[in-house]
Amino acid sequence: MTDATGDGSKSGPMLAADGRPLKKSLARALRMQKMRALMLIAPLLLFVLITFIAPIADMLFRSVENQIVSDTLPKTTAALADWDGEELPSDAAFEAAYYDIFLAAERKEHTRLGTRLNYEQTGASSLFRKSGRGLDDIGEVYQDQFEDLNGDWDEALPWAELMGDPDWLSEQQGWDEEGRQPGFELRDDIADLLPTASREYAIFAEFQQREENNNLLDEEPWSAVHTALYQDLVAGDMSGYSGPRAEMLQAADALVDSPDFETISFRDGFEEIDEDWLQPDIWRTIKLYSPDYTSGYFLNSIDMQLTPDGAEARPDNERIYMLLFKRTLFMSLVITFSCILLGYPVAYILSNLPMRSANLLMILVLLPFWTSLLVRTSAWKVMLQQQGVINDVLVWLGLVADDARLTMINNQFGTIVAMTHILLPFMILPMYSVMSTIPTSYVRASKSLGATNWTTFWRVYFPQSVPGIGAGSILVFILSIGYYITPEIVGGTTGTFISNRIAYHISSSLNWGLAAALGSILLAVVLILYWAYDKIVGIDNVKLG
């Protein structure tokens, strides 16, 4: 259909039935068709994104994420930035650690930090737990003396009047504990007069209001705030102050200047908590893992460690992960080849039997799927042990002496036997589906041309069954490389896989970063082997029937 001009000498664009240009109508129709197709596959895409892509992305992120140190110890990491790592850090680092750990203990975060650093230095977890309990002793040295001078120093309202903005204080006093309470605001001049105390009191106020939802006028300040007040009184002169609670503050200033005032340095306070704080090792560990992202997990995964001088190999007696990776790859390949050797004859027989007999035998192949994996693995543990069925039969037949029974469990042999039995159906099914499609006329033609049975099999039948072997091999190998239940039950100390170590770090040691790094390396190894398989065999040659 065309849209001609008035004189009929020129033709316009072709129009659709609704009067729109045909080109635009076709484009709109194709766009709607794509949108409908996208809507149809959207649930599947969303499912894959949530259950597959997102967990992998989270695993990759956890393998390098290290923000807990810098988030929990911000002042300490800043104070250690220029430290050379040789001798003990300066007093400023001890002061920063005091305030950081004190706040972390109030938030119950010091134990998580200790657990994280304990992965790198044994004993860090108990050190931080002990410090969380002991730092109050430093602040109480000053808190008790201020309280003895004037009991108002241990009350909430005097501190709020001293530190708080008058407008905020008026709103806070009028708050009826319903709705959102007024956010704390410092007085304009107090930060210049008492910089450390105002900073710590503001942190205390934010914690009480936001995290505990407490009325700030009912909560006595932490002992760390009294410590900060002492520092400010030593460094400043309060004689010219005339604001709220001036007499109380000036009296405290005079007390601090008196020779009878008891003090304790941050360094000595940490020494009283634990002498390990006077060893450079813990400070080096804090500085080393202060960046938000670290390669430490990946280095640990390949039996190396992060040191101030760079990456170094771990001592020989601490190397375990590379051995587990090699063992996992070796045993997965052995299991795959065992499944090929045992599964190929079964698949060949099934594909060449009459359909009725093949279906009956296929039920026997699928029968293990009707039994729990845990039950099948436990059954092998019973059969393979030294007092088990197999050893009893060998002794009864006279093939093995009763005092020399075979050790077939809690080692690599037991893992290979049990996993071969479990994964064998995954090899037989792809092979059978491919072999059942091979025309029998090819075999008859080969024999009619004078070929022997072996030549017919090797030159005609076997090449056509290779795609089934490839599909089964990929399936069995990928399944076996990630197995952990069967190796855990029958593998002992020499038959476990790297997946068992990953499961241990996730469920027992809670070292999720190292578990994520091990999982990432395992994923990379599988992808590399998949790429090599594609280059050598060709993934297009893999078929399921």
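Since the structure is predicted, the reported quantities are computational estimates derived from the model, not experimental observations.
The aromatic rings of Trp458 and Phe462 sit parallel to each other, their planes meeting at less than 30°, with 60° as the upper class boundary. The aromatic rings of Trp454 and Phe457 sit tilted relative to each other, their planes meeting at an angle between 30° and 60°. Aromatic ring orientation, Phe426 versus Phe369: perpendicular (interplanar angle above 60°, classes split at 30° and 60°). Taking the six-membered ring where tryptophan is involved, the planes of Phe102 and Trp222 are tilted, since the angle between them lies from 30° to 60°.
Side-chain atoms of Ser63 come within 3.5 Å of backbone atoms of Leu60 as a donor-acceptor pair (strictly under, hydrogens ignored). Here the side chain of Asn500 pairs a donor or acceptor atom with the backbone of Phe497 at under 3.5 angstrom. Without hydrogens or angle criteria, Glu219 side chain to Asn214 main chain gives no donor-acceptor distance under 3.5 Å. Remark: side-chain polar atoms of Arg314 are not paired, donor with acceptor, to backbone N or O of Asn300 under 3.5 angstrom. Ser290 contributes a side-chain N or O that, together with a main-chain N or O of Lys287, makes up a donor-acceptor pair within less than 3.5 Å. Side chain of Asn391 to main chain of Leu406: a donor-acceptor pair is present (N/O by atom type, distance under 3.5 Å, no hydrogens or angles). Proximity of a side-chain donor or acceptor of Gln209 to a complementary backbone N or O of Pro182 within less than 3.5 Å is detected. Between the Gln305 side chain and the Thr307 main chain, no donor and acceptor come within less than 3.5 Å of each other. For Thr328 (side chain) and Ile498 (main-chain N/O), a donor-acceptor pair under 3.5 Å exists by modelled atom type. Not one N or O on the side chain of Asn411 forms a donor-acceptor pair closer than 3.5 Å with the backbone of Thr494.
Counting only heavy atoms from C-beta outward, the side chains of Met408 and Val417 never approach each other to under 4.5 Å. Side-chain contact between Pro368 and Ile422 is absent, with no heavy atoms from C-beta onward closer than 4.5 Å. Side-chain contact check for Ile469 versus Met431: some heavy-atom pair is nearer than 4.5 Å. Counting heavy atoms from C-beta on, the side chains of Met362 and Leu429 come closer than 4.5 Å. The side-chain heavy atoms of Phe477 and Leu329, taken from C-beta on, include a pair separated by under 4.5 Å. Using a 4.5 Å cut-off on side-chain heavy atoms (C-beta onward), Val346 and Leu424 make no contact. At a threshold of 4.5 Å between non-hydrogen side-chain atoms, the residues Asp58 and Arg62 count as touching. Using a 4.5 Å heavy-atom threshold, the side chains of Thr111 and Ser125 count as separate.
Atom CG of Leu117 sits about 6.0 Å away from atom CD1 of Ile286, to the nearest 0.5 Å. To the nearest 0.5 Å, atoms CZ (Phe298) and CG (Leu514) are separated by 10.0 Å.
Closest of all the heavy-atom pairs between Ile428 and Ala347 is O-CB, 4.0 Å. In terms of heavy-atom proximity, Val490 sits nearest to Ala418 at CG2-CB, 4.1 Å. Counting all heavy atoms, side chain and backbone alike, Pro55 lies closest to Leu49 at CD-O, 4.4 Å. Considering all non-hydrogen atoms of both residues, Gln172 and Leu216 come closest at NE2-N, 3.8 Å. Across all non-hydrogen atoms, the minimal contact from Ser351 to Ser436 is CB-N, 3.9 Å. Taking both residues in full, the closest heavy atoms of Met427 and Cys339 are given as CG-O, 3.6 Å, listed atom of the first, atom of the second, then distance.
A donor-acceptor contact closer than 3.5 angstrom links the side chains of Gln121 and Thr285. Under the 3.5 Å distance criterion, with hydrogens and angles disregarded, no donor-acceptor pair is assigned to the side chains of Thr336 and Ser473. Side-chain contact of Thr496 with Tyr504: a donor-acceptor pair under 3.5 Å is absent, judged by distance alone. With 3.5 Å as the limit, one finds a donor-acceptor pair spanning the side chains of Ser465 and Tyr344. The closest side-chain donor-acceptor pair between Asn410 and Gln385, if any, does not fall under 3.5 angstrom.
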The test is side-chain contact (heavy atoms from CB on, under 4.5 Å); show your working for Thr455 and Ser446 and say whether it passes. CA-CA 9 Å; Thr455 302; Ser446 174; 5.7 Å; no
Could you go through Leu40 and Arg36, starting from their C-alpha distance and side-chain angles, then the distance that decides it, and tell me whether this counts as side-chain contact (heavy atoms from CB on, under 4.5 Å)? CA-CA 6 Å; Leu40 288 174; Arg36 285 194 296 269; 5.6 Å; no
May I have the step-by-step check of side-chain contact (heavy atoms from CB on, under 4.5 Å) for Leu475 and Leu479, ending in yes or no? CA-CA 6 Å; Leu475 188 60; Leu479 287 174; 4.2 Å; yes
Could you check Gln33 against Leu30 for side-chain contact (heavy atoms from CB on, under 4.5 Å), going step by step and ending with a plain yes or no? CA-CA 5 Å; Gln33 186 178 5; Leu30 290 174; 3.9 Å; yes
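Of the candidates Arg112, Gln67, Glu109, Arg107, Thr72 forms a side chain to side chain contact (heavy atoms under 4.5 Å, CB included) with just one, namely Glu109. Of the listed residues (Phe204, Trp168, Phe207, Trp175), just one forms a ring-ring contact (aromatic ring centres under 6.0 Å, His included) with Phe184, and that residue is Trp168.
When the shell of 6.0 Å around OH of Tyr442 is examined, it contains 12 or fewer heavy atoms from other residues, nucleotides or ligands.
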